[in-house]
Amino acid sequence: MAARVAVLLLLVAMSVIFFTGNVGAAGGDEGAALLALKAGFVDPLGVLDDWKTASPHCRWTGVRCNAAGLVDGLDLAGRNLSGSVSGDLLRLPALAVLNISSNSFAAALPKSLSPLSSLQVFDVSQNSFEGGFPAGLGSCAGLVAVNGSGNNFVGPLPVDLANATSLESIDMRGAFFSGHIPAAYGRLAKLKFLGLSGNNIGGKIPSELGEMEALESLIIGYNELEGPIPPELGNLASLQYLDLAIGNLNGAIPPEIGKLPALTELYLYKNKLVGKIPRSSATPRRWSSSTCRTTCSPARSPPRWRT
């Protein structure tokens, strides 16, 4: 009996040593990955001076680790950083929150972020990132927010985001995206905020957007959209804010728009629409004075996500 207990204790001890050894090795790899990432940064204020091998990387500025000692959060927002974000970012497989917004990064991001399958929040807004938007975020099952606004991204909108069905917010405003709005976005049943304004997006508004039952804000004006407003947008029972201003939309405004029960703000100015604004008895009175004026300056922010 005593011999059996001794064997069991030995196995437990070996397991602990094996586990802690693996965690330590992984932590060392991630520390090296962060230092390699830092090597591409320009840090004039020295905010990352504590990123040194002499201290545990989980205590470094902007770095958060989980219980296993793996990096699951990187928050470097508003640190006056510039330079480039290298592929070493992909060496942080447990990363759940990436926030490098409000800096001065100007190079292209890695072409694919698919190794970061644990991402929940991805915020690179208010920089000057160039090139195409990275692929691969559609494989992140827990992704809830993507913010690429205020950059110089070009090319098509990332279609694969339609596969991230937990998404609640997509903000791609103020860039240089072109092409069309992906009809596949209609599959995002949990999406509350879709901001695509201020790009070079053309084509028609997909009728499939009317399937996003949780949508509260649809901001797709200031583009080159054309054709009629799809009446299917009248299915968006949760919609509060609709901005279709400045484009080439034509035809009559669908009566379904006037029946949206939650809608409080509507912007349609500077299009080629004809007829009257449809209103029901539930239509807010403020529509009659603020809907189609050329002086309107709509602004709506996406939900804030804790990082």
Side-chain angles (χ1 to χ4, degrees), residues 26-27 29-31 33-34 36-38 40-41 57-58 60-79 81 84-103 105 107-127 129 131-151 153 156-173 175 177 182 184-185 187-196 214 302-307:
D29 289 345
E30 292 199 327
L34 288 168
L37 192 64
K38 177 188 175 183
F41 296 169
H57 68 279
C58 291
W60 293 352
T61 297
V63 177
R64 185 186 72 188
C65 292
N66 59 23
L70 299 176
V71 176
D72 71 350
L74 189 58
D75 185 359
L76 301 177
R79 303 284 186 170
L81 300 172
S84 61
V85 177
S86 70
D88 295 288
L89 179 69
L90 307 181
R91 295 164 59 190
L92 306 174
L95 193 64
V97 175
L98 176 66
N99 186 355
I100 53 174
S101 63
S102 302
N103 283 294
F105 293 110
L109 285 167
K111 290 184 177 181
S112 176
L113 299 174
S114 55
L116 301 180
S117 58
S118 298
L119 272 177
Q120 298 174 17
V121 176
F122 180 77
D123 190 347
V124 296
S125 62
Q126 304 307 315
N127 281 284
F129 284 114
F133 193 83
L137 290 180
S139 64
C140 302
L143 190 66
V144 294
V146 172
N147 194 342
S149 64
N151 281 287
F153 292 121
L157 292 164
V159 180
D160 70 329
L161 286 182
N163 297 323
T165 53
S166 294
L167 269 171
E168 297 182 20
S169 177
I170 298 176
D171 192 353
M172 298 291 191
R173 294 177 293 175
F177 289 107
Y185 283 3
R187 299 202 300 261
L188 297 172
K190 296 181 180 180
L191 199 71
K192 297 179 180 180
F193 183 97
L194 180 58
L196 306 176
R304 291 187 177 183
W305 303 98
R306 294 184 63 185
T307 59

Practice task
Measure the spacing between CZ of F133 and CG of N151 and express it to the nearest 0.5 Å.
Solution key: 8.5 Å

Handout entry: Nearest atoms (heavy-atom pairs only) where A164 meets C140
Key = CB-O, 3.9 Å

Handout entry: S149 and S125, any side-chain heavy atoms less than 4.5 Å apart
Key = yes

Completion exercise
Between H57 and V71, the two heavy atoms sitting closest are CD2-CG2, 3.6 Å

Fill in the blank from the handout: Heavy-atom closest pair (R187 atom, A162 atom, distance to 0.1 Å) is NH2-CB, 3.6 Å

Exercise for the section: Taking the side chain as every heavy atom from C-beta outward, state whether F193 and D171 have any pair of such atoms under 4.5 Å apart. Expected result: yes

Exercise for the section: With rounding to the nearest 0.5 Å, note down the distance linking CD1 in I100 to CZ in F41. Expected result: 6.5 Å

Exercise for the section: Please name all residues satisfying salt bridge (charged side-chain N to carboxylate O under 4.0 Å, His left out) with R79, sequence neighbours left out, ordered by chain then number. Expected result: none

Exercise for the section: Indicate yes or no: at least one non-hydrogen side-chain atom of L70 is less than 4.5 angstrom from one of E30. Expected result: yes

N/O donor-acceptor pairs under 3.5 Å from side chains in residues 87-95, not counting sequence neighbours:
| from | atom 1 | to | atom 2 | distance (Å) |
| --- | --- | --- | --- | --- |
| D88 | OD1 | R91 | NH1 | 2.9 |
| D88 | OD2 | S86 | OG | 2.8 |

Practice task
Could you tell me the separation between the OG atom of S118 and the CD atom of Q120, rounded to the nearest 0.5 Å?
Solution key: 8.0 Å

Problem - Min side-chain heavy-atom separation V124-F153 under 4.5 Å - result: yes

Handout entry: 4.5 Å side-chain heavy-atom contact, K190 and T165
Key = no

Problem - Main-chain N/O of N103 paired to N127 side chain as donor or acceptor, under 3.5 Å - result: yes

Problem - L194 side, atom CG; M172 side, atom CE - distance, nearest 0.5 Å - result: 9.5 Å

Exercise for the section: Please list, chain by chain and in numerical order, all residues satisfying ring pair (Phe, Tyr, Trp, His ring centres under 6.0 Å) with Y185, sequence neighbours excluded. Expected result: none

Problem - L98 and D123, any side-chain heavy atoms less than 4.5 Å apart - result: no

Fill in the blank from the handout: Closest non-hydrogen atoms of C58 and G69, given as atom of the first, atom of the second and distance, are SG-O, 3.8 Å

Problem - Minimum-distance pair of heavy atoms, taken over all atoms of G136 and S139 - result: O-OG, 2.7 Å

Handout entry: Side-chain heavy-atom pair L37, V85 within 4.5 angstrom cut-off
Key = yes

Handout entry: Any donor-acceptor N/O pair, S101 side chain to Q126 backbone, under 3.5 Å
Key = no

Problem - I170 side chain reached by L157 side chain, heavy atoms, under 4.5 Å - result: no

Handout entry: Single hit among V146, L137, V144 for side-chain contact (heavy atoms from CB on, under 4.5 Å) with L167
Key = V146

Problem - Taking every non-hydrogen atom, the tightest pair across L109 and F129 - result: CD2-CE2, 3.6 Å

